[in-house]
Q: 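Let me give you the structure first, and then I'll get to my questions.
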Amino acid sequence: AHDPRLEAVARALELEAEVTLPLHVGEQTVGVLSFIFPGPRAFGEQDDGYLRAVAELCAQALERTRLFEAEHEARHALARTNAEAQVAAERVQLALAAGAIVGTWEWDLETDRVTVDERFAEHFGIDPALGHSGLSLEQVIATVHPDDVGGLRAAIEAAIARGGAYSHEYRVRGRDGVYRWLEANGRVDHAKDGSPLRFPGVLLDI
């Protein structure tokens, strides 16, 4: 009665009586349902029970719709993610074939195990079988040039602490005993609580 906007609505709808009920799903209020009448009306217990029953049915219908839409969106998001992952994998394979990428790694930060492909193992002088089964970080960087180990450790620690993109250049001794300059590019993924989860990346021969 004191809100001019509601007064305008009431006049437009010729509203003389109105009941509004909250729509509950468990402990949550998901909306409200209003019944409007063109003439004055008194509401008894029978009206109250009927209106509450209708409100409960509406609340259940809203919740089913919400769940359906959430599932629909999740399916679409999964499909998009799978498609994007496939494109990314194809790009990596093309880069490998062209020689732009000379190795890939995957570091599971929760178990502290690093797995590498054969090209990575070749450049780091690592047994490919160990590279597939998993190595510690110390085993992986054992052939990094002594002058570059400190900077590499600092760059890795900083990337894990902040998360996100990682890039660093250093020298490493291959199986042939020759040191070569490599550029490592990766990304650190964190969980919602901020704990580091995984650290994948690729090697470039520079």
Side-chain angles (χ1 to χ4, degrees), residues 1-95 100-101 104-112 154-168 184-202:
H2 301 289
D3 189 324
R5 295 170 301 173
L6 295 181
E7 285 186 306
V9 170
R11 284 196 303 270
L13 297 177
E14 298 181 353
L15 186 152
E16 294 288 341
E18 181 263 347
V19 176
T20 295
L21 296 172
L23 302 180
H24 292 304
V25 175
E27 299 290 325
Q28 185 180 9
T29 302
V30 297
V32 294
L33 176 65
S34 292
F35 300 85
I36 60 175
F37 302 90
R41 181 182 179 117
F43 299 96
E45 285 188 19
Q46 187 173 357
D47 295 311
D48 181 72
Y50 170 76
L51 297 177
R52 289 182 184 277
V54 173
E56 183 177 349
L57 290 174
C58 288
Q60 293 172 3
L62 277 177
E63 181 65 5
R64 284 195 298 271
T65 301
R66 186 190 66 80
L67 292 174
F68 174 80
E69 291 175 348
E71 181 186 9
H72 185 68
E73 178 58 30
R75 288 180 184 275
H76 277 276
L78 180 60
R80 288 195 300 269
T81 300
N82 289 339
E84 291 168 0
Q86 183 176 354
V87 170
E90 290 173 354
R91 287 177 176 169
V92 170
Q93 290 303 317
L94 287 171
I101 295 176
T104 64
W105 82 83
E106 173 77 29
W107 186 2
D108 186 332
L109 295 170
E110 292 184 299
T111 61
D112 196 24
I156 290 173
E157 290 173 2
I160 292 175
R162 71 172 182 275
Y166 157 83
S167 181
H168 193 69
N185 289 278
R187 184 191 71 248
V188 178
D189 295 331
H190 282 182
K192 290 183 178 180
D193 63 2
S195 59
L197 294 177
R198 55 190 295 269
F199 190 168
V202 299

Q: Which residues pass the side chain to side chain contact (heavy atoms under 4.5 Å, CB included) test with Leu13, not counting sequence neighbours?
A: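 Counting only residues at least two positions away or on another chain, Leu13 forms a side chain to side chain contact (heavy atoms under 4.5 Å, CB included) with Val9, Leu15, Ile36.
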Q: Should the ring pair Phe199 and Trp105 be called parallel, tilted or perpendicular, given that the plane angle runs from 0 to 90° and is split at 30 and 60?
A: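 Phe199 vs Trp105 ring planes: perpendicular.
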Q: Does anything in residues 38-69 form a ring pair (Phe, Tyr, Trp, His ring centres under 6.0 Å)? List the pairs, not counting sequence neighbours.
A: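 Listed by first then second residue: Phe37-Phe43.
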Q: Using the side chain to side chain contact (heavy atoms under 4.5 Å, CB included) criterion, which residues pair with Asp189? Sequence neighbours excluded.
A: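 Here the qualifying residues are Arg187, Arg198.
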Q: Has the side chain of His190 got a donor or acceptor atom that lies under 3.5 Å from a matching backbone atom of Ile160?
A: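 Flag set: sc His190 to bb Ile160 pair under 3.5 Å.
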Q: Kindly indicate whether the side chain of Glu63, heavy atoms from C-beta on, has any atom under 4.5 Å from the side chain of Leu67.
A: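 Contact flag for Glu63/Leu67 side chains = yes.
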Q: Are Arg75 and Glu71 ion-paired here, with the side-chain N under 4.0 Å from a carboxylate O?
A: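 A salt bridge is present here (some side-chain N lies under 4.0 Å from a carboxylate O).
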Q: Counting neighbours of CZ on Arg162 that are heavy atoms of other residues, nucleotides or ligands and sit closer than 6.0 Å, is the number greater than 12?
A: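 Count over threshold, so yes.
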Q: According to side-chain hydrogen bond (donor to acceptor under 3.5 Å, both in side chains), who are the partners of Glu157, at least two apart in sequence or on a separate chain?
A: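 Glu157 satisfies side-chain hydrogen bond (donor to acceptor under 3.5 Å, both in side chains) with no other residue.
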Q: Holding to side chain to side chain contact (heavy atoms under 4.5 Å, CB included), I want the full list of residues that pass it with Ala161, two or more places apart in sequence or in another chain.
A: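 Ala161 satisfies side chain to side chain contact (heavy atoms under 4.5 Å, CB included) with no other residue.
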Q: Which salt bridge (charged side-chain N to carboxylate O under 4.0 Å, His left out) pairs, counting each pair once, include a residue from residues 16-28, with sequence neighbours left out?
A: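 Every candidate salt bridge (charged side-chain N to carboxylate O under 4.0 Å, His left out) pair involving residues 16-28 fails, so no pair, neighbours aside, qualifies.
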Q: Quick check against the 3.5 Å criterion: does Asn82 have a side-chain atom that pairs as donor or acceptor with the backbone of Ala79?
A: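 Checking the backbone N and O of Ala79 against the side chain of Asn82, no donor-acceptor pair under 3.5 Å is found.
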